[in-house]
Amino acid sequence: HVLRAELVNGHREALVRSWSQVRWVRSSVREGPLGTVLADVEAGYPGGQRVVLSQLVTVAVGDSPEITGVELLTARHFAR
């Protein structure tokens, strides 16, 4: 697993459904403070809509690194 189950918090189906509609993704990742990563993700949807998310991702390091926390910093929606 890359993402801890409790982070999905019972919304797995909705999460999968929303990402299944994505047509393309662009991402930019940079190292943040200890154990964190700053991630900017732009997702394109049918009809030209776009969503841009900036997130602070906390990662547990070790033999099997996994995402242990995600904080949404900004979210923007562009109709076209």
Side-chain angles (χ1 to χ4, degrees):
H1 298 279
V2 175
L3 181 64
R4 285 198 175 158
E6 60 265 18
L7 294 178
V8 178
N9 197 22
H11 299 283
R12 183 182 187 281
E13 192 173 305
L15 182 65
V16 170
R17 187 173 46 252
S18 67
W19 278 101
S20 68
Q21 296 175 22
V22 171
R23 298 294 177 246
W24 55 265
V25 174
R26 291 186 195 124
S27 63
S28 166
V29 178
R30 58 199 180 282
E31 191 175 336
L34 186 62
T36 64
V37 174
L38 297 166
D40 295 316
V41 178
E42 180 179 5
Y45 288 86
Q49 295 183 60
R50 295 181 300 126
V51 173
V52 179
L53 306 172
S54 295
Q55 303 169 326
L56 180 65
V57 180
T58 304
V59 180
V61 295
D63 292 338
S64 299
E66 67 179 351
I67 297 170
T68 58
V70 179
E71 179 184 348
L72 182 63
L73 303 175
T74 62
R76 295 176 289 167
H77 175 260
F78 300 92
R80 278 195 148 202

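What you see below is based on every heavy atom in this structure, not just the backbone, and it leaves out hydrogens, waters and symmetry mates.
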Using the rule that Ile, Leu, Val, Met, Phe, Trp and Tyr join whenever any side-chain heavy atoms are under 4.5 Å apart, tell me whether [X] and [Y] fall into a single cluster.
| X | Y | value |
| --- | --- | --- |
| L53 | V25 | yes |
| V61 | I67 | no |
| V51 | L72 | yes |

Handout entry: Pairs involving residues 48-64, ordered by first then second residue, that meet salt bridge (charged side-chain N to carboxylate O under 4.0 Å, His left out) (sequence neighbours left out)
Key = E42-R50
Problem - Partner of Q49 by side-chain hydrogen bond (donor to acceptor under 3.5 Å, both in side chains), out of R23, Q21, H77 - result: H77
Handout entry: Flag side-chain contact, heavy atom, 4.5 Å: L73 against L38
Key = yes
Problem - Minimum side-chain heavy-atom gap R30-D40 below 4.5 Å - result: yes
Exercise for the section: Taking all heavy atoms of W19 and all of A43, pick out the closest pair and write down the distance. Expected result: CZ3-CB, 4.2 Å
Fill in the blank from the handout: In terms of heavy-atom contacts, V59 and T68 come closest through N-OG1, 4.2 Å
